[in-house]
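Atoms within each ligand, like the ligands themselves, are counted from 1 in listed order. On a predicted model such as this, the values are computed, not experimentally measured, just so you know.
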Amino acid sequence: MERPNYTQDYDKVLRQLYNALIFLASMAVVLSAFLIYYGLTGNPFASWKKPETIAQKNTEASQTIAVAEMDERIENGIHLGTGLAVAEGFEVVRANCTVCHSGHLVAQNRATRDGWQEMIRWMQRTQGLWQLGDKEAVILDYLAANYAPQEMGRRANLNLEAIEWYILEE
Ligand code: HEC
């Protein structure tokens, strides 16, 4: 039976230790290279941002489009981009009333000053419209002046009894 060769085993262990040392040393080199690079260039992972949600992308895109495509021309007293009448208070209304929805939604509606105030209160109560402060009077004046109820309503219903019927003669 052969006796175990302790010298050989010892060499083997030494070699393994040596390899481990080489391995650790190279890791240290890589790590310090990275740290130096990091120090010089800033966080190299900064561009690995969390991907944006689709909603975020869409909002940004639509905001860009809205800004880019806002039509600033005025035709027949109507600002084409917002659909709002250009009159006293227009800029204030534009700034406060076209943020959540288009100005066309405003222009489609008609109401008395009180009616407009009610709509504003409703938006403040339920839709997160902010307090308008002293701008409110300017806005209400503008709305009441430009989007008042139309005087020309429907014609009166026909009153069949009041009609004098006659026979057509040839
Ligand atoms: C904070 C967001 C916000 C702002 C700012 C805002 N609104 Fe609105 N408004 C809404 C929402 C939400 C609706 C409901 C939209 C819908 O039904 O599609 C609405 C609806 C309306 C309507 C339609 C009401 C109806 O009965 O159909 C009018 C008119 C209106 N707003 C006018 C205004 C005016 C005038 C201003 C400026 C003082 C204004 N809005 C500012 C959120 C807002």
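In the hydrophobic clustering of this structure, Met70 does not group with Val99; members are Ile, Leu, Val, Met, Phe, Trp, Tyr whose side-chain heavy atoms approach within less than 4.5 Å, directly or through other members. Tracing side-chain contacts under 4.5 Å through hydrophobic residues (I, L, V, M, F, W, Y), one never reaches Val29 starting from Tyr37; they form parts of separate clusters. Val93 and Ile74 are not part of a single hydrophobic cluster, where members link through side-chain heavy atoms under 4.5 Å apart. By the rule that hydrophobic residues join a cluster once side-chain heavy atoms approach within less than 4.5 Å of another member, Phe34 and Met27 end up as members of separate clusters.
Under the 4.0 Å distance rule, the nearest protein heavy atom to atom 18 (O) of ligand 1 falls outside the cut-off. The nearest protein heavy atom to atom 43 (C) of ligand 1 is closer than 4.0 Å.
Of the protein's non-hydrogen atoms, Asn96 O, 3.5 Å is the one closest to atom 41 (C) of ligand 1. With respect to atom 13 (C) of ligand 1, the closest heavy atom belonging to the protein is Trp122 CZ3, 3.9 Å.
Note on Glu136 versus Arg121: salt bridge recorded, some NZ/NE/NH1/NH2 to OD/OE distance being below 4.0 Å.
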>> Before you tell me yes or no, could you show the steps for Ile36 and Leu40 under side-chain contact (heavy atoms from CB on, under 4.5 Å), namely the whole-Å CA-CA distance, both residues' side-chain angles and the distance that decides it to 0.1 Å?
In response: CA-CA 6 Å; Ile36 289 168; Leu40 292 180; 4.0 Å; yes
> Please walk me through it: do Leu14 and Tyr10 pass side-chain contact (heavy atoms from CB on, under 4.5 Å)?
Replying inline: CA-CA 6 Å; Leu14 260 188; Tyr10 184 67; 4.0 Å; yes
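Summarising the geometry, atom CG belonging to Leu132 is positioned 7.0 Å from atom SG belonging to Cys97; distances are rounded to the nearest 0.5 Å.
Distances below 4.0 Å separate heavy atoms of Trp130 from the following atoms of ligand 1: 5 (C). Against a heavy-atom cut-off of under 4.0 Å, Leu143 is close to the following atoms of ligand 1: 35 (C). Remark: ligand 1 atoms within the under-4.0 Å shell around heavy atoms of Gly128 are 1 (C). Shown in contact with Asn109 at under 4.0 Å from a heavy atom are these atoms of ligand 1, numbered in order with element: 23 (C), 29 (C).
Asn109 and Trp116 form no side-chain donor-acceptor contact under 3.5 Å, judged by distance and modelled atom types alone.
By the criterion of a separation under 2.8 Å, the protein N/O/S atoms near atom 8 (Fe) of ligand 1 amount to His101 NE2, Met123 SD.
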Expected list for residues 75-88: side-chain donor-acceptor pairs under 3.5 angstrom, two or more places apart:
residue, atom, partner, partner atom, Å
His79, ND1, Thr82, N, 3.2
His79, ND1, Thr82, OG1, 2.8
His79, NE2, Asp71, O, 3.4
His79, NE2, Glu72, OE1, 2.8
Thr82, OG1, Leu84, N, 3.2

